[in-house]
Enquirer: 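Here it is, the structure in full.
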Amino acid sequence: MTVNLWVTLISAVLGSGALTAVVTAALTAHRERKKAAAQVSAAEARAASAERQALMMLTLDSLQARCRAIIAKGSRTQTDTQQIIIQHDIYKALNGDGWADALFTSAMELPIV
């Protein structure tokens with residue numbers, strides 16, 4: 001091919017808007033993929049947050065029940081102590097809001113038998 005033919009072909013492609021259409025299509029596809037990925041990430045984050053909340057509530061319920069049982073008994077065993085400390089640590093790690101703190105403190109103040 002001669003140089004003139006190449007110039008003519010390139011001019012025709014650029015002048016027809018075909019290159020612009022290809023570039024626009026590629027950019028649009030890229031944006032859509034990013035948008036879809038962001039939506040998936042947001043959905044995953046919501047699911048993880050819901051799972052964390054559910055785990056926190058289960059831990060809170062179990063910790064409160066154990067602490068109430070210890071308080072009702074009036075004393076605690078070494079096993080009781082270990083279990084409520086572990087549960088309290090887990091509850092706090094899950095960003096527990098402190099609802100179990102008063103019961104935990106009361107249970108920990110009781111004598112070990």
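In this text, all values refer to a predicted model and were calculated from it rather than measured experimentally.
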Enquirer: Locate the shortest heavy-atom distance separating Gly74 from Leu110; write the atom from each residue and the value.
Expert: O-CD2, 3.7 Å

Enquirer: About how many Å separate CE of Met57 and CZ of Arg52, when rounded to the nearest 0.5 Å?
Expert: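 Reported to 0.5 Å precision, the distance equals 11.5 Å.
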
Enquirer: What distance do Ile70 atom CD1 and Thr81 atom OG1 have between them, rounded to the nearest 0.5 Å?
Expert: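 If I round to the nearest 0.5 Å, the distance is 6.5 Å.
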
Enquirer: Are Ile85 and Leu63 connected in a single hydrophobic cluster, I mean Ile/Leu/Val/Met/Phe/Trp/Tyr linked by side-chain heavy atoms less than 4.5 Å apart?
Expert: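 In one cluster with Leu63: Ile85, yes.
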
Enquirer: Would you check if Asp101 and Lys92 make a side-chain contact, meaning some heavy-atom pair closer than 4.5 Å?
Expert: yes

Enquirer: Could you pull out the closest heavy-atom pair between Met56 and Asn95, with the gap in Å?
Expert: SD-O, 3.6 Å

Enquirer: Is it the case that the side chain of Arg76 and the backbone of Ile112 share a donor-acceptor pair, with hydrogens and angles ignored and the cut-off at 3.5 Å?
Expert: no

Enquirer: Does the side chain of Tyr91 pick up a donor-acceptor pair with the side chain of Asp97 at under 3.5 Å?
Expert: yes

Enquirer: Is there a chain of hydrophobic side chains (I, L, V, M, F, W, Y, each step under 4.5 Å between heavy atoms) that links Trp99 to Leu58?
Expert: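 Trp99 does not cluster with Leu58.
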
Enquirer: Any idea which heavy atoms bring Ser106 and Ile71 closest together, and the distance?
Expert: CB-CD1, 3.7 Å

Enquirer: Would you confirm whether Arg66, through its side chain, and Asp80, through its main-chain N or O, come within 3.5 Å as a donor-acceptor pair?
Expert: no

Enquirer: Between OG1 of Thr59 and CD1 of Ile90, what distance do you get to the nearest 0.5 Å?
Expert: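 Answer rounded to 0.5 Å: 6.0 Å.
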
Enquirer: Rounded to the nearest 0.5 Å, what's the gap from CG on Leu60 to NE2 on His88? Could you check?
Expert: 10.0 Å

